[in-house]
Structures are given as C-alpha cells and as structure tokens.
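Each remark here refers to the structure printed beneath this line.
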Amino acid sequence: MELTGAQSLIKSLEQVGVEVLFGLPGGAILPVYDPLIESSMRHILVRHEQGAGHAAEGYAQVTGRPGVAMVTSGPGATNIVTPLADAFMDSVPLVVISGQVATSAIGTDAFQEVDFTGITQGVTKHNWLVTDPDEIPRIIREAFYVATTGRPGPVVVDFPKDVANAKTDWSWSDEIDLPGYHPPAKPDMAAVRKALELISQAERPVVYVGGGVIKANAAAELAEFINMTDFPLVTTLMARGAFPDADPRHLGMPGMHGSYAAVTAIQKSDLLISFGARFDDRVTGKLSAFAPKAKVIHVDIDPAEIGKVRRPDVPVVADCALAIRAMTDEMKKMSASKKSLFDAKTKKAQLAWREQLAEWKALFPFAYDGKGDASHSGPIKPQQVVEELSAAADEDTILVTGVGQHQMWASQLWSFSKPRSWVSSGGLGTMGFAVPAAMGAKVGQPSKTVWAVDGDGCFQMTAQELITCSQEQIPVKIAILNNAYLGMVRQWQQMFYEERYSEVYLSADLPDYVKWAESMGCVGFRVDDPGEVSSVIEKANSIHDKPVVVDFRTDSMEKVFPMVPAGASNDDILVHPSLRERLAKEA
Amino acid sequence: MSVMSAQGKQIREEEATELIRPRPSHHLLAIKVENKFGVLSRVAGLFARRGFNIVSLAVAPTEDERFSRISIVVDAESAPLEQVVSQLNKLINVVEIKQLHPDDAIEAELLLATLKIDKAVPPPLKEAIIKYKANILEQSDSFVTVSCAAAPTKLDELENLLQSYSIVALHRTGQIALPKLEFLGK
Ligand SMILES: Cc1ncc(C[n+]2csc(CCOP(=O)(O)OP(=O)(O)O)c2C)c(N)n1
Ligand SMILES: [Mg+2]
C-alpha cells in the first residue's frame, strides 16, 4: 500500500495501540498533522509543549501504558526536554514524536533546527532520527518496545519533514531486531535462594519498596510477600500506593521528609530488602551513615542500579513481580515441606522489632500545630487541607502533585490504598508538573476523580493547561496550597540561611487565582477559614463537568517535618518541634 | 572460570584477580556497537555524563559491516569498572563489551611523528628508529616522518626520546588490545 511518510507514522502509531496524543503543531510537523484528521486517535491540543510531555507522563503513570506527545522542531522540541528528563529520572514510558527540518537541511542552521537527538541523548533511554520513510513502522515498533520494556523510560523519534512527505510502503511485522537490547525478566534462582537465606535470619528486616514495584505491577506480589513474612515496609515517593497506608506494617515514606518510623527503621535494620528502589540520595541521606548494620538484598530490573550507590549482599536482576513471586514460591515450597521460614529465636526478635516500630509510629506521627482542630483561629494549616481531601476521597481517587512543601505534605498525609493512584515528579523535582500531569491522568482514567495538590509557585508555571482541560472537557480538580511563597526554598533559607529570605516571596493575592480559574473556564473557590475547608472540598467534589480550582490560603510559615537536612545522617532526623522533647527522652 | 580464595571460598575470577594483582591504572574495553547514526557520540556522551574519564579511544569497522568496535581505555580512578560496563550496556546500540585486564592483553598503538632534520637523519635518531622498530615513511632535506607501532609504554619511551629533536607534528592513535594467546577463547 503506497502512502506518505506522515500517513505511515500515523498508521504505525495506531498499530501499536496509541489512543491519545498530546501535542501542538508547527512547520516541521505539519505534514503529520494532516492525516491526523482522519485518525481514530484523540489529539489533545496543549498550550505549551511542556504540558504535552507532563500530560503524557500522567497518562502513563495511571494507565501503565506509554504516554505519547507530538511537537514541532526547534522550540517545540526544546520545550519538551524537561518532561523527557522528568520521565527519564522516574522511569516513565514516554514516546515523543518531534518534527525535524528536512534531511537535506540538517546541519545548516535551518529555521527551527535543533539537534534534537543530540540534545536528548542524556535524558532518553534511546532516540531515533528517521532518515528512510520505509523504516517508519520498524522504528515506531522499536520505540514503543524500548520505552515500555525492561526499566521503562522516555524515547524520542525525530521526524524530518521530507521523510514525512516522501512516498513509502507500509507493512507491519512484530519482529524486533535490537541486538544490543535484552531486558532481563526472570530472576536467577540461586540469587533468590540466597535472598531467602538472609530473609530467614533477619531479626530487624525492612522492605524498602520503590517505584519499580508500581512499574512492574507487582502490588499483589508485594502484598503476598508481606503477608507471608509479616515484614514491615516503607514506600518511597515513587512507590506511594504500592501498599495500603492503613496497614499497620506500613511505616510510610522514608527519606528527607519521611516518617520517623520509616527513616529510623531503615537505620536500625539488619536486613534491607529493596524492591525496585535506587537508593536515591533523598532516601539515604549521608551515604556512609545509611542503614549501617543492614545487609542488603537489591532487586532491580536495571543491572546498572546494582552497586551504583550501595553494594548489595544479594543482587537480584529481574522484573520485580517475577522476583517477588519467585521468593514467595520458594517460601510456599518450604511450608509445603513443613519447614518454617524463621526459627523460634528469630521469630521472637522479629516480634520485638515490630513492637518497637509500632511504638515509634505511635509516638512520632506527622504532627502539626492545631491538628484535629478545624475551629482554630489562625490561618489554614496546609496539612489540614490534605487530610480533609484524603478523608473525602474514594479509594480510586488519583492524587497528583507539583514539587515543594505541598508535595511532601500530600505524600505524607494522603492515605493511599491502590497502586497508580499517585502521580508526582520524584527524581527531577519538576515544578509545574501537577496541572498537566493531572490532565493526562484524567484522560487516562476518565471515570476516576483526579485531584492535584499544587503549590502557588508551581501552579503559575503551567496553569495554562487548564484552558486545554476546559476546552477538551477534562474535569480535573486543583487544590492550590497558597502560602504566598516558594515555600520549600523559603524553608531552607529559614533553617539553613539564618532566615535571610532571598527571592522567595510570591504574594497570596497576585494573581487572583479565582478570577484566573474562571477566565480559563474553570470553577474557582477561595478558602481562608479552617472551618470552611471541608465544605468547599465537598462542593468541589460535586462538580463533574468542569475543572475546579481551589485557592486555599495556607499558613505561610509552616515547615515540613520530619526533615533530614541535606547531607546529614538519617540518624539526625529533625522531628516536629512539638515532638522534640519526646524524642530526646527516647534517645 | 572460578578459583578458590585463601579462605577456601569459591569466588569469581575477576574478584580473584583483584586479590592477587595490584589494581590496574586503566581498564581496557572493547565495545562492539551497531553501526548506527550517532553511536560514537552516545558512547562518548555517556562517559562525559557519568564522569568517567577516557584515556584514549579508537573506532574501526569490524569483520561484520553491521558492527564497529570501539576500543576505550578508561581511567580506573574515575569510576568502578562495573558501573562503566553496566551503564554502557544500557545503550541500545551497544551489543557486547569485552573487558581486558592490562596484564592479560597485548596492547598496541601507532605513533606518527614529523621531525625537523638538517639534510640527514642524525645517527642517534637512526639508532632509536632501529631500536623501536620504527619506520621512515617519508624524508626530505629538512623533514623526516617516522611511524612506530608498539605497546603504549614503548611509545611513551620513544616519544620521550623524540623530544630532543624538533618535533613538527606528533600523533598517536590511542591503543587497541587483544587478549594474549593464553587467554584466547576463555
Ligand atoms: C522548575 C523548577 N524550578 C525551581 C525549583 C526549585 N524549587 C523546589 S521547590 C520550590 C518552591 C515551590 O513553590 P510552590 O510551588 O509554591 O510550593 P511550596 O513549596 O510553597 O509548597 C522551588 C523553587 C524546582 N524544583 N523546579
Ligand atoms: Mg508556595
């Protein structure tokens, strides 16, 4: 069948199952936008290409399917570099199709030419420059295969205009010819048995759950592992939702703003079982002081993560779901042959460990002044907003965040019960992530409620995508925790720069968020009174046909606790001031 | 191949070598890559991004035209070899990586140098040319161009020697390596 390169591209995208594209056209990608008119795929016209990228990420995170964005060459392409970097850090399957100048013009500084495969080399899993129209189906197949298999990640297909206009044949085969790409899948059983040996001797175990568990759809396997071992666990910022927060064995999030119980449990553990986590510096704190007594089992699908930061005692290179299942299968074999996993002495030690952890959890919760007292007279505490949002949400509700204090409060205080119900920018920490990612999440899961908890600073970076939401009828809900500051930076200046506030004040009233929301076709609310928080949330939850923006005027000076200062040991965790005396006694 | 350590534990060969031999100052990597657009830049870019230092790098086609071989000498101080190799392996166009311990390898490199002379090649230079099995490629009244293919350490010596003449230009290719015959196929 003869068609153009552009038609071949569209047909290939349909063939791999793409249903939605987020994008914005321009000169070099024009030929591709023409056959898009006839395509079954839905295109969502964003207002800025960064929005397209984050929307595609949000879509991918909640569906488990790759997100797709399409942009033009030059500035369109460079505008999506941030989402590519974000997806690279957080292992999000993202496919970006970028227009490029004609192959004959490449290298001539042509209008809107940038070396996009060069620019994105360090922030993609792989990229392709299409030079032969006959290769379009193969490259699209490979691009989606690379983005979604092994450790997922972003890819770029750079698509020159003359290739789009050229005549070509289209034929499809499912064959993949990538001689240098062999993602691991099954674990080495010798490693699994070694891991079980360590597990059976652990007196103070902690399961350290990372985003890999979400990516591998391994929540059920994890639950079975926890049920069989009764081991306590922590879920990192990328893994929130992998295990229900309400379960007493769940200690919460570890790391710089993690719960006291999670951080301290890791520090005191004698066995750390990492499932799909990467020992990020925000989790380890000062590396030489991190979990000093722990042996480490490190399960990861990416061999380069093994030993990158901490040398494991048992490495298991495999898909998390398969690796965890292999472990539970071995345990089942043991119990079938009447062997118990733990001897009496170990069991007793584990019991004492669990009691200790329960005590820490009870003694050192996420505290803030005025907790549980909505009638207090002061400004709204941001934590109260998150708690009330969570309380009013059903278990399918998806929570998206920006980056800053509000993100940490959201992660700390929302009670998650399901995987893929949390979308946040972890490794890159990209301000402006929330609004477009929420849009993408809602497109991916239209029947679920999508709330974004955003910062005032973040909101101002990408709010324009609410226009897209209104026009495309994507009714997301945005809660701005408006503290009039770049709050997280202000907190650091307050704590580590002698309260010398440098360029962090934004203003609570400028812009007028309600008017701005209304001008973008959304419903806007403003809340100043702690007593009105829940009723406005209820109102917002009852609106289903329009995006909603709520401007919560929150306490400007509130800080996120606990906190492990950058570069400090996790042992030096700072808890909320109201708990410091208690902690001193404990020590 | 595995060997027994002093403690009687079965350990892998690489680990065993680490115990017996001093840590090498450099690692030799032979990287087989797909002959695709931009592949050298991907490999070089990875080294730059991850802070691994390249001592030298040489690229050439292989016996199979779909692939090229990149020979890289990596500064052992700048990164653990294991990280370098596993990060390289993540590049989609990297098909195979062979590591060679410098002690197990035949290393070779080519040097070209043009020197200023006065009518004839001075006798000490002639002696050096013979000693290092170098060749005179071209000669005029005022200049001579010599080449020498040898182990990099030999070339270092030769280069030192040449410093006492006036060097117009001197190029080295960067080393390539193959396993010594006793390790062939192991
Ligand atoms: C694009 C970008 N620029 C700068 C930063 C540094 N940064 C991290 S948090 C933060 C403040 C965010 O302010 P806001 O959205 O109001 O959230 P808050 O911390 O006040 O909750 C800044 C500037 C960043 N993470 N991303
Ligand atoms: Mg703020």
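Throughout, protein chains are lettered first and strands after them, A, B, ... in sequence-line order, and every chain is numbered starting at 1. We use all heavy atoms of the structure for the numbers below, so side chains are in, but hydrogens, waters and symmetry mates are not.
- The closest side-chain heavy-atom distance from B/Phe37 to B/Asn93 is not below 4.5 Å.
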What do the steps show when you test A/Thr117 against A/Asp158 for side chain to side chain donor-acceptor pair (under 3.5 Å), and what is the final call? CA-CA 7 Å; A/Thr117 47; A/Asp158 205 22; 5.0 Å; no
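- With a threshold of 4.5 angstrom between heavy atoms, A/Asp302 approaches chain B through side-chain atoms but not through N, CA, C or O.
- Two residues are said to be in side-chain contact when any heavy atoms from C-beta on lie closer than 4.5 Å; A/Arg151 and B/Lys90 meet this criterion.
- Looking at B/Leu46, neither its backbone nor its side chain comes within 4.5 Å of chain A, counting heavy atoms on both sides.
- Listed options B/Val85, B/Val95, B/Ile92 were ranked by heavy-atom pairs under 4.5 angstrom with chain A; first place goes to B/Ile92.
- Side-chain atoms of A/Gln121 and B/Ser41 include a donor-acceptor pair closer than 3.5 Å.
- The part of B/Arg49 that comes within reach of chain A is its side chain, from C-beta onward, which places non-hydrogen atoms under 4.5 angstrom from that chain.
- A/Asp313 CG to A/Ile297 CD1: the interatomic distance, rounded to the nearest 0.5 Å, is 8.5 Å.
- For chain A, the nearby parts of B/Gln87 are the backbone and the side chain; heavy atoms of each come within less than 4.5 Å.
- Most heavy-atom pairs under 4.5 Å with chain A: of the set B/Arg42, B/Lys32, B/Lys36, this distinction falls to B/Arg42.
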